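Structure, as structure tokens:
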Amino acid sequence: MRLKFIAKEDNVMLENLAERAKQGDAGALDDLVRQLNEPIYKLALRMLYHPSDAEDAAQEIMIKIVTHVGAFQGKCSFKTYAFRIATNHLRTLRRRKPEFEFGPLDEMAGRIVEERAARWNENTSEAHQNLFVREILYHCLQALLMALDRERRLAYILGEIFDLTGEQAAHILDITPEAFRKRLSRARKGLREFMLQYCALIRPDNPCRCEQQAAHFSQTGELCVKKLIFAHKDASNPDYRTFFRRLGELDELKRVRTLFKTCPDLAAPDTIVRRIRKMASSGQFELLRLD
């Protein structure tokens with residue numbers, strides 16, 4: 001699934017929903033939350049690594065958005081307004097455990113297990129092999145993002161994954177377009193150089209192969225169905241061999257970008273919408289005065 005910022009044609013609809021929500025329309029508030037749920041969650045997921053952390057952060061962000069609907073003055077699109085709230089929240093969160101666990105990119109190579117002879121246990125079904133390979137792939141890509149500092153991580157997510165223009169992203173981050181381009185360039189350079197040197201999905205002769213890593217960690221017991229945090233929530237559930245084959249049809253740099261744009265493809269939990277709806281109907285949002 002291709003990650004996108006909210007489509008341009010949805011701008012007017014979002015702003016209409018925001019205006020109606022300001023007037024106390026509970027249905028409009030519910031629709032507004034539903035429209036923003038997926039992009040906000042996927043932004044949080046790329047920033048925080050773990051799905052449960054992303055869900056918690058997305059809920060906190062949505063509460064901030066709906067309680068600040070009344071402050072929206074139309075000086076920018078509502079999607080930009082919402083993403084400014086989201087990025088400010090994410091950049092100031094207390095540092096999460098993965099940000100300490102995963103060092104900078106130049107240390108990531110030490111995590112590659114040189115087990116070229118690793119083979120699947122004969123009891124590992126093809127379905128489980130598919131899950132394990134995707135789990136390893138998603139862990140790796142998320143870990144590489146965590147190896148970037150927060151400012152470069154945000155720049156990469158907004159510019160390379162969500163396809164924002166330099167002007168859009170700079171406005172969201174409250175920096176100049178030139179400063180944004182510099183951050184994005186440094187983030188791209190670091191990730192591309194690492195993957196061009198180590199990832200076999202980018203260059204077949206490289207040492208790190210998802211299946212090899214998955215087979216090794218499956219044998220050691222560190223990778224099992226009960227410990228999955230990404231693959232069992234995958235929205236598209238692709239067969240990894242088909243995905244890898246299609247990836248190989250792209251040129252090297254497009255492979256890097258495509259991997260980060262499409263993996264992991266986790267659906268935004270509907271629980272966020274339900275929780276916001278419950279809190280709104282409870283009367284906690286005084287500015288909205290929802291019935």
Side-chain angles (χ1 to χ4, degrees), residues 1-7 10 13-14 17-18 20-21 24-69 78-79 81-99 131 134-135 138-139 141-142 145-146 153-154 157 161-162 225-238 261-291:
M1 178 178 176
R2 180 182 173 83
L3 280 184
K4 292 182 179 179
F5 198 49
I6 298 170
D10 291 337
M13 177 190 67
L14 284 176
L17 289 173
R20 287 165 51 200
D25 186 332
L29 177 67
D30 191 72
D31 288 343
L32 187 66
V33 172
R34 285 190 175 279
Q35 289 294 319
L36 293 172
N37 187 34
E38 185 161 327
I40 294 296
Y41 172 74
K42 291 189 173 181
L43 172 66
L45 180 63
R46 291 323 196 272
M47 277 296 293
L48 301 178
Y49 179 85
H50 200 290
S52 62
D53 286 339
E55 183 175 347
D56 290 343
Q59 179 176 313
E60 293 165 2
I61 290 166
M62 293 306 305
I63 290 172
K64 287 186 175 181
I65 291 171
V66 300
T67 55
H68 288 80
V69 165
F78 191 80
K79 66 182 181 182
Y81 180 72
F83 262 58
R84 286 196 77 167
I85 293 173
T87 55
N88 284 335
H89 181 86
L90 291 167
R91 78 207 309 181
T92 57
L93 275 177
R94 182 174 59 84
R95 291 185 70 189
R96 295 313 207 249
K97 185 178 179 182
E99 290 178 285
L131 283 172
R134 285 188 288 117
E135 183 78 4
Y138 300 164
H139 268 292
L141 294 172
Q142 291 288 86
L145 286 176
M146 297 304 290
R153 200 183 317 155
L154 273 171
I157 294 167
I161 297 177
F162 280 94
V225 174
K226 292 182 179 180
K227 294 182 180 180
L228 300 180
I229 65 171
F230 295 109
H232 68 297
K233 298 180 180 180
D234 198 310
S236 57
N237 193 29
K261 286 176 72 67
T262 57
C263 302
D265 182 16
L266 307 191
D270 195 52
T271 52
I272 298 172
V273 178
R274 294 199 300 269
R275 290 170 186 163
I276 298 296
R277 182 189 300 140
K278 182 178 179 180
M279 295 178 72
S281 63
S282 72
Q284 292 184 50
F285 296 122
E286 294 182 9
L287 290 176
L288 298 176
R289 299 188 303 277
L290 299 181
D291 297 327

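These numbers were taken from a predicted model, which means no experiment stands behind them. These values consider heavy atoms only, across backbone and side chains, with no hydrogens, waters or symmetry-generated copies.
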* Would you please test Met47 and Met146 for side chain to side chain contact (heavy atoms under 4.5 Å, CB included) and show each step? => CA-CA 7 Å; Met47 277 296 293; Met146 297 304 290; over 6 Å; no
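Under the 4.5 Å side-chain criterion, counting only non-hydrogen atoms from C-beta, Asp53 is not in contact with Leu93. Contact annotation: the side chain of Val69 approaches that of Leu32 to within less than 4.5 Å [non-hydrogen atoms, C-beta and beyond]. For the pair Leu36 and Ile61, the minimum side-chain heavy-atom distance is 4.5 Å or more. When side chains are defined from C-beta on, Ile157 does not count as touching Lys42, because their heavy atoms never get closer than 4.5 Å. Residues Phe83 and Pro39 are in side-chain contact: their nearest non-hydrogen atoms beyond the backbone lie under 4.5 Å apart.
Note that CG of Asp25 is 8.0 Å distant from CG of Asp31, once rounded to the nearest 0.5 Å. The CZ atom of Phe162 sits 7.0 Å away from atom CZ of Arg46, with the distance rounded to the nearest 0.5 Å. Interatomic distance, Ile85 CD1 to Leu90 CG, rounded to the nearest 0.5 Å: 12.0 Å. The OG1 atom of Thr67 sits 10.0 Å away from atom CE of Met62, with the distance rounded to the nearest 0.5 Å. Expressed to the nearest 0.5 Å, how far CG of Leu43 lies from NE2 of His89 amounts to 10.5 Å.
Shown here are the side-chain hydrogen bond (donor to acceptor under 3.5 Å, both in side chains) partners of Thr92, two or more places apart in sequence or in another chain: there are none. Partners of His50 according to the side-chain hydrogen bond (donor to acceptor under 3.5 Å, both in side chains) rule, which considers only residues two or more places apart in sequence or in another chain, are Ser52. In terms of the side chain to side chain contact (heavy atoms under 4.5 Å, CB included) criterion, residue partners of Arg34 (sequence neighbours excluded) are, by chain and number, Asp30, Asp270, Val273, Arg277. Residues passing the side-chain hydrogen bond (donor to acceptor under 3.5 Å, both in side chains) test with Tyr49, sequence neighbours excluded: His139. Considering only residues two or more places apart in sequence or on other chains, Tyr138 meets the side-chain hydrogen bond (donor to acceptor under 3.5 Å, both in side chains) condition with Asp234. For Glu99, the salt bridge (Lys or Arg N to Asp or Glu O under 4.0 Å) criterion is met by Arg150, Arg153, not counting sequence neighbours. Applying the salt bridge (Lys or Arg N to Asp or Glu O under 4.0 Å) criterion to Arg275, with sequence neighbours excluded, gives Glu55. The ring-ring contact (aromatic ring centres under 6.0 Å, His included) search around Tyr41 returns none, not counting sequence neighbours.
Across every non-hydrogen atom of Pro51 and Leu266, the tightest pair is CG-CD1, 3.8 Å. Shown here for Ile40 and Ala82, the closest heavy-atom pair between the two residues is CD1-O, 4.5 Å. Smallest separation of non-hydrogen atoms from Pro264 and Gln142: CD-OE1, 3.7 Å. Considering all non-hydrogen atoms of both residues, Arg20 and Ala28 come closest at CB-CB, 3.6 Å. Closest non-hydrogen pair, Ala268 versus Asn37, comes out as CB-ND2, 3.7 Å. Here the shortest heavy-atom pairing between Ala44 and Ala57 reads CB-CB, 4.3 Å.
In this structure a side-chain-to-backbone donor-acceptor pair under 3.5 Å is missing from Glu135 to Leu228. A donor-acceptor contact shorter than 3.5 Å is absent between the side chain of Gln59 and the backbone of Ile272. Judged by distance alone, with hydrogens and angles left aside, the side-chain atoms of Tyr81 form a donor-acceptor pair with the main-chain N or O of His68 at under 3.5 Å.
For residues 82-92, the pairs satisfying salt bridge (charged side-chain N to carboxylate O under 4.0 Å, His left out) are Arg84-Asp174, Arg91-Glu151, with sequence neighbours left out.
A salt bridge is absent between Lys64 and Glu60: the closest approach of a Lys/Arg side-chain nitrogen to an acidic carboxylate oxygen does not fall below 4.0 angstrom.
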